[in-house]
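Report on one structure; see the data block that follows.
All residue numbers refer to positions in the sequence shown, counting from 1.
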Amino acid sequence: MENFVQDVFKHLENYYYSIVDLTPKFILAIVVILVSWFIATRIGIFTGNRLKARMHDRLLATFIARLIKSVLIIIGVLFMFKIIGLDGIAQSMLAGAGISAFVIGFALKDIGENFLAGILLAFKRPFSIGDIIESNGVKGEVINLNLRDTEVKSDSKIIYIPNALLIKNTLINYNSEGYLLQTFTVGLEYGSDYGKAIELVKEVLKRNEEVTEKDHEDAAVITDISGTIIQLNIRYWVKTGTSRKSAECRSKIIAEVLNVLKENGFVLK
């Protein structure tokens with residue numbers, strides 16, 4: 001019995017000295033975690049503010065900032081395990097993370113592809129919120145860019161285009177340096193005074209406050225002849241605004257052009 005008690009005290013003494021030996025390492029590990037958390041939080045806030053100022057999508061900016069913060073915290077945790085002497089656990093975590101990333105990446109390949117494409121679109125900026133774009137057979141106004149897709153408003157419908165398709169396929173941006181090109185065609189009777197018709201159209205465009213002075217020399221041109229119908233194409237630029245405002249401007253100009261041509265005796269086809 002006496003030997004048993006001595007063995008117990010001996011083991012307790014060994015545990016005591018082990019704890020005393022590890023205490024500085026535990027304190028240093030806690031300090032490393034706290035410092036890592038503090039630095040990661042500060043960098044995450046700084047990165048989030050900078051990205052939100054440069055990107056239209058606050059969700060994407062917040063996600064990237066949190067991702068950077070998480071990576072820094074994970075690095076701090078790995079340092080903590082190394083300080084304590086648990087290198088095996090750190091290596092197991094890294095190996096497990098690598099395998100998990102591979103499995104998840106393979107299973108969610110399309111989602112990951114769209115996510116990376118969304119990051120490229122956010123930084124490259126081939127278009128901005130409010131621009132009129134056309135891609136994959138869809139034309140409309142960009143209203144939002146998120147992690148997976150781009151939201152486009154077309155004919156009162158919200159269409160979600162996967163970001164990867166915008167990267168892979170042809171993308172047309174109808175807005176040029178803050179201006180939007182609008183066009184429409186009017187059919188004139190064969191034998192009309194085409195020069196006078198062009199001048200009347202140009203006068204209408206010049207009177208409209210929404211129309212800019214850009215490319216007025218090409219504002220009205222004869223583009224085609226179909227039987228006894230002469231195709232007069234009208235093109236002009238307006239400042240970028242909401243799709244509703246652009247549509248109202250186009251409607252107003254078309255009505256004014258038709259009325260002016262009729263009042264001057266032109267027969268419209």
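Between Glu189 and Phe266, every side-chain heavy-atom pair lies at or beyond the 4.5 Å cut-off. Within the 4.5 Å cutoff, no side-chain heavy atoms of Asp149 are placed close to those of Ile161. Taking the side chain as every heavy atom from C-beta outward, Leu188 and Leu261 approach each other to under 4.5 Å. Looking at Leu34 and Ile30, their side chains come closer than 4.5 Å, going by heavy atoms from C-beta outward. Side-chain contact check for Lys206 versus Tyr236: every heavy-atom pair is 4.5 Å or farther apart. Looking only at side-chain heavy atoms (C-beta outward), Asn208 and Cys249 come within less than 4.5 Å of each other.
Residues Val152 and Lys139 approach most closely at CG1-C, 4.4 Å, considering heavy atoms. Nearest heavy atoms, Ser154 versus Gly140: CB-CA, 4.2 Å.
Atoms CD1 and CD1, from Ile143 and Ile159 in turn, are 10.0 Å apart once rounded to the nearest 0.5 Å. Thr223 contributes atom OG1, which lies 9.5 Å from atom CD1 of Ile230 (distance to the nearest 0.5 angstrom). Between the CG atom in Asn144 and the OH atom in Tyr160 there is a gap of 8.5 Å [rounded to 0.5 Å]. Once rounded to the nearest 0.5 Å, the distance linking CG of Leu200 with CD of Glu256 reads 12.5 Å.
Put simply, Ile172 and Ile132 are part of the same group of oily side chains (I, L, V, M, F, W, Y) that touch within less than 4.5 Å, one to the next. One hydrophobic cluster, built from ILVMFWY side chains closer than 4.5 Å, holds both Leu72 and Val31. With hydrophobic clusters built from ILVMFWY side chains whose heavy atoms lie under 4.5 angstrom apart, Ile229 does not share a cluster with Leu258. Taken together through direct or relayed side-chain contacts under 4.5 Å among Ile, Leu, Val, Met, Phe, Trp and Tyr, Tyr190 and Leu268 form part of one hydrophobic cluster. Both Ile222 and Ile234 are assigned to one and the same hydrophobic cluster, defined by single-linkage of ILVMFWY side chains at heavy-atom distances under 4.5 Å.
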Quick one: side chains of residues 37-45, donor-acceptor pairs under 3.5 Å with protein atoms, not counting sequence neighbours, listed by atom name and distance.
unit_1: Thr41; atom_1: OG1; unit_2: Trp37; atom_2: O; d: 2.7

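Judged purely by atom type and a 3.5 angstrom limit, Asn169 has no side-chain atom pairing as donor or acceptor with the backbone of Ser135.
By the salt bridge (Lys or Arg N to Asp or Glu O under 4.0 Å) test, Lys168 pairs with Glu113, sequence neighbours left out.
Each of Val260, Ile253, Ile254 was checked for a side-chain contact (heavy atoms from CB on, under 4.5 Å) with Val257, and the lone residue meeting it is Ile253.
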